[in-house]
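Computed from a predicted structure; not experimentally measured. Chain A is the first sequence line, chain B the second, and so forth, proteins listed ahead of strands; every chain is numbered from 1.
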2 protein chains.
Amino acid sequence: MKKRSFDYKALIGEGNPLLRYPELKEAAIDEFAVKRYDDASLNDILKKAGMSKGSFYHHFGDKFGLYLAMMDIIAQKKLSFFYPLMNENLDTSDFFGTLKAIMKATTEFMLHDERLHHLSNRLMEENDAFRNRMYSFFAFDYYQSFNQWVYHAVQSGQVDSRYPPDFVVKLIEVMFANIHKLVSSGDPEHLLETATQVIDVIQDGISRKH
Amino acid sequence: MKKRSFDYKALIGEGNPLLRYPELKEAAIDEFAVKRYDDASLNDILKKAGMSKGSFYHHFGDKFGLYLAMMDIIAQKKLSFFYPLMNENLDTSDFFGTLKAIMKATTEFMLHDERLHHLSNRLMEENDAFRNRMYSFFAFDYYQSFNQWVYHAVQSGQVDSRYPPDFVVKLIEVMFANIHKLVSSGDPEHLLETATQVIDVIQDGISRKH
DNA sequence: CAAAAACTAGACCAGATGGTCTAAACCACC
DNA sequence: GGTGGTTTAGACCATCTGGTCTAGTTTTTG
């Protein structure tokens with residue numbers, strides 16, 4: 001006999017109620033970009049957005065509902081930056097070239113709204129249970145498909161065979177998750193330049209020696 | 001007119017009261033190794049250690065006092081692993097060789113007690129104000145002196161000149177902070193092997209091309 | 001125009017947090 | 001044995017958390 005349950009699926013896609021409450025959306029992004037899920041204060045978000053508890057819980061069910069609705073919007077945004085790349089269906093023939101293109105898309109996404117980049121990274125830091133619960137609402141896990149692409153590219157022989165594919169995948173994962181720590185200034189030009197250098201280092205570091 | 005203030009300095013060094021409460025020490029390490037400062041529950045720590053609030057606040061002043069006393073003990077422990085290395089006063093003539101030695105010491109420290117490694121990393125994730133407050137109690141900031149060593153080594157010309165020293169410092173910083181993400185199994189042998197590979201990748205990636 | 005449904009406001013709740021405070025217990029010294 | 005400082009126990013406090021609930025308002029529908 002479970003308590004009256006809320007339909008989270010109504011939150012994602014077209015009817016996402018967060019689209020109708022732009023102030024709540026901004027307040028949520030501001031808060032979740034700076035604090036982890038548990039640390040973020042729902043009360044603060046509502047206060048900043050000027051929304052009452054009654055209407056909030058009516059539309060979003062609970063704190064997780066808000067996070068879900070917000071992530072849905074962000075995923076759409078992020079996808080728009082990566083869509084051009086996906087057309088090529090992630091080319092595996094030129095590993096490092098494609099990697100640079102992905103890095104470029106990442107930095108452009110980051111520059112468009114830095115909060116969103118922090119948000120994506122913050123999700124990676126949440127525990128597995130939370131992440132899995134999150135992913136279960138979205139059709140595809142871009143994160144995992146990226147990892148699979150790296151895995152296949154590594155196996156195609158463009159990388160020194162002494163490095164296990166899993167290792168390379170994690171190495172790249174760590175690098176991408178931390179580019180914001182590798183750039184000092186907020187200068188856009190410099191950001192892309194540094195990001196490219198990171199790929200150069202990886203390439204010289206792991207490509208097959210001849 | 002400040003409130004009666006507590007002397008935090010009495011917590012570090014010889015008279016560290018945490019040395020007299022081993023159960024509290026273990027409970028604190030367990031908690032702070034798993035949760036960030038704000039997330040950690042002082043009540044839980046005291047419950048696990050079987051200590052009353054009265055005596056706790058008498059000896060440690062507040063939550064920060066406990067953290068400080070704990071970090072003092074851990075810093076000592078960590079130093080004991082790096083002491084042999086420091087004798088050479090961080091050799092700059094063989095950059096990558098020394099880097100490997102440091103990595104070896106790091107992994108050994110990690111294997112000695114994984115909680116302590118997590119603790120060190122977790123401190124890096126705290127905000128600047130907190131970290132600075134922390135460091136202000138210790139004579140030397142090993143973290144910063146390591147960075148300076150890297151900086152000098154890079155300037156000595158063993159690294160490709162297209163990479164700015166600051167970039168290399170941060171790159172190595174990120175790698176060291178994330179080695180635990182790069183190893184999959186808990187196998188000690190494998191840990192050191194992977195750690196060495198990380199250095200190999202860095203070396204091939206950034207060393208001066210001939 | 002009225003009934004029904006959707007929505008909103010905010011008082012309230014239980015549970016947790018770090019921290020305070022008083023009173024008792026302990027212990028060394030004369 | 002008494003005295004005075006140190007240490008301990010734990011009830012208590014203000015404040016915060018996400019979440020509930022009722023009563024009222026607004027909007028839609030017949």
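In this entry the distance linking CG of B:Leu66 with P of C:dT17 reads 15 Å, nearest Å. One interatomic measurement links the two molecules: CG of B:Leu46 to P of C:dT17, which rounds to 11 Å at whole-angstrom precision. Between B:Lys53 atom NZ and D:dC13 atom P there is a gap of 14 Å when expressed in whole angstrom units. Distance CD (B:Glu31) to C1' (C:dG18): 13 Å, rounded to an integer number of Å. In this structure, the CE atom of A:Met51 is 12 Å from the C1' atom of C:dA9, given to the nearest Å. Between the CD1 atom of A:Ile45 and the C1' atom of D:dT17 there is a distance of 13 Å, given to the nearest Å. Here D:dG19 presents its P atom at 5 Å from CG of A:Asp62, a figure rounded to the nearest Å. Atom-to-atom, NZ of A:Lys47 to C1' of D:dG18 comes out at 14 Å; the value is rounded to the nearest Å.
Note on A:Ser52: every side-chain N or O is 4.0 Å or more away from OP1 and OP2 of C:dT8. The side chain of B:His59 places no N or O atom within less than 4.0 Å of a non-bridging phosphate oxygen (OP1 or OP2) of D:dT6. Not one side-chain nitrogen or oxygen of B:Asn43 sits closer than 4.0 Å to the OP1 or OP2 atom of C:dA16.
Mapped onto DNA chain D by nearest heavy atom, A:Asp39 and B:Phe56 fall at different nucleotides, with B:Phe56 at the one closer to the 5' end.
Side-chain atoms of B:Ser41 lie closest to C:dT17 of the nucleotides D:dT7, C:dT17, C:dT8. Side chain of A:Tyr57, nearest nucleotide from D:dT20, C:dT17, D:dT8: D:dT20. Of the candidate nucleotides C:dA6, C:dG19, D:dT6, D:dT6 has the atom nearest to the side chain of B:His58.
Salt bridge annotation for A:Asp113-A:Arg115: present, with a cationic side-chain nitrogen under 4.0 angstrom from a carboxylate oxygen. A salt bridge links A:Glu31 to A:Lys35: at least one charged side-chain nitrogen sits closer than 4.0 Å to a carboxylate oxygen. The existence of a salt bridge linking B:Lys104 and B:Glu108 is confirmed by a sub-4.0 Å separation between a basic side-chain nitrogen and an acidic carboxylate oxygen.
At a cut-off of 3.5 angstrom, counting only N and O atoms as typed in the model, there is no donor on one side facing an acceptor on the other between the side-chain of A:Lys63 and the base of D:dG19.
A cation-pi arrangement is present between A:Lys63 and A:Tyr37 under the rule of less than 6.0 angstrom and at most 45 degrees off the ring axis.
Among the heavy atoms of the strands lying under 4.0 Å from B:Tyr21 are primed sugar atoms or P, OP1, OP2 only; no base atom is included.
Using the six-membered ring where Trp is involved, A:Phe64 and A:Tyr8 have ring planes that are perpendicular, over 60° apart on the 30 and 60° scheme.
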